[in-house]
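In this text, all values refer to a predicted model and were calculated from it rather than measured experimentally. Every chain is numbered from 1, with letters handed out A, B, ... down the list of sequences.
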Amino acid sequence: NAHGPKPIGPSPPLGLRDCDSSEGEEAAEVAMDYINTHHKHGYKYALNRIEELRVLPRRPASEVVILELDLLETKCHVLNPLPLENCTVRELINHAIEADCDVKLLKEDGKLSVTGARCHSSPDSAEDIIKICPDCPLLIPLNDTQVVKTVELLLDQYHSTNDAYFMLIEIARAQMQAPNTIIAEFAISATNCSSKDASENVKACQALSGDQAQFGFCVGSVMHVPKEEIHVECEVYAPQSEVAHPVLAKDN
Amino acid sequence: LVVKRTVSEPTAEHPGDVLHPPPPQCPGRIRHFHI
């Protein structure tokens with residue numbers, strides 16, 4: 001427009017908005033709820049920072065919101081019924097996992113819904129942790145034979161003091177504390193067996209499902225030298241229906 | 001008195017010219033800690 005006001009200075013890239021704006025906060029909250037609901041393994045994530053926010057008009061009267069998020073791992077396993085607000089973010093020295101997510105949302109009639117999300121997670125740098133805490137335990141692969149054996153020992157130990165038999169759902173974390181201790185965290189599911197039933201025929205034991213489904217989460221450690229020392233503590237959550245756990249309903 | 005004008009900040013050269021809005025503030029605040 002040769003006659004109208006002339007904009008001067010660099011023009012901002014299309015659709016970019018302030019990351020800490022109310023629309024960014026609102027979209028991030030919807031995105032976090034979606035990510036944690038659809039996250040099937042490991043721990044719930046907490047928002048650390050909105051890296052980028054873009055809002056683009058979409059015909060006839062809606063908007064597309066594109067978010068780039070930086071997330072941190074919490075100590076709540078995905079099966080833990082605690083709301084995210086009550087979950088503690090894992091400290092850096094505990095060798096946590098971080099995630100970067102790109103989320104696309106649609107805003108129609110003022111209501112936001114997620115249309116797609118892609119996340120990439122990775123452990124924090126072991127070198128950085130060693131720099132600030134040389135003796136802190138570092139993550140080791142979940143399929144390491146020592147880890148698998150450790151979890152078997154821990155679950156056996158738990159069953160030795162409990163009548164109900166629980167089966168392993170997944171190993172969620174494993175750390176090596178130099179020189180000879182393995183720390184493991186794992187999720188468990190209640191079954192239709194007692195510990196005695198399981199000792200006779202473990203193959204007949206089935207995880208309880210539907211309204212009967214009951215999950216738990218254990219943290220334990222095994223020190224091998226000088227003598228084997230086993231410590232395990234499990235928290236069993238109140239029975240929950242699959243409706244309350246869309247993750248399980250989708251990917252049982 | 002000579003006044004040196006900075007060239008990095010755009011200024012309106014003609015009455016009625018408007019400045020583009022400032023670039024958005026991103027990334028946003030850190031809620032927990034910097035990685």
Side-chain angles (χ1 to χ4, degrees), chain A residues 1-25 27-29 32 45-55 66-74 85 87-93 95-100 122-125 128-129 132, chain B:
Chain A
N1 183 355
H3 305 292
K6 191 175 77 176
I8 46 180
S11 60
L14 189 65
L16 278 184
R17 303 282 173 89
D18 279 356
C19 284
D20 288 335
S21 61
S22 58
E23 61 187 337
E25 298 278 347
E29 196 179 322
M32 289 308 302
Y45 282 109
L47 177 65
N48 193 35
R49 182 151 78 163
I50 300 174
E51 296 285 339
E52 192 176 288
L53 168 66
R54 203 178 280 262
V55 181
I66 299 166
L67 277 173
E68 197 182 315
L69 304 174
D70 173 30
L71 312 184
L72 296 175
E73 182 187 40
T74 70
E85 309 85 79
C87 295
T88 312
V89 170
R90 199 179 291 280
E91 307 88 353
L92 199 62
I93 55 165
H95 204 180
I97 304 287
E98 60 165 316
D100 299 311
S122 58
D124 292 333
S125 154
D128 289 352
I129 293 162
I132 55 172
Chain B
L1 180 68
V2 178
V3 178
K4 199 171 180 180
R5 199 177 70 183
T6 56
V7 292
S8 57
E9 291 178 15
T11 54
E13 289 179 6
H14 305 288
D17 284 356
V18 290
L19 291 174
H20 276 298
Q25 296 293 311
C26 281
R29 67 187 169 92
I30 293 172
R31 286 156 177 81
H32 299 282
F33 46 79
H34 183 72
I35 307 257

(request) To the nearest 0.5 Å, tell me how far A:R17 CZ sits from B:C26 SG. (result)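 Answer for the CZ-SG pair, A:R17 versus B:C26, is 11.0 Å.
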
(request) Output the distance between atom CD (B:Q25) and atom CG (A:L16), rounded to the nearest 0.5 Å. (result)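 Result: 12.0 Å between the selected atoms.
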
Quick one: what part of [X] sits under 4.5 Å from any heavy atom of chain B, side chain, backbone, both or neither?
X     : value
A:E51 : both
A:L72 : side chain
A:A96 : neither

(message) Any carboxylate oxygen within less than 4.0 angstrom of a Lys/Arg side-chain nitrogen, looking at B:R31 and A:E25?
(response) yes

(request) Can you see which heavy atom on A:L47 is nearest to which on B:H32, and at what distance? (result) O-CD2, 3.3 Å

(message) On a heavy-atom basis, which atom in A:R49 and which in B:G28 lie closest, and how many Å separate them?
(response)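 Heavy atoms only, the tightest pair is CD-O, 2.8 Å.
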
(request) Decide yes or no for B:F33 and A:N48: does some side-chain heavy atom of the first lie under 4.5 Å from some side-chain heavy atom of the second? (result) no

(message) Tell me which of these, A:L53, A:V89, A:D70, has more heavy-atom pairs under 4.5 Å with chain B than the rest.
(response) A:V89

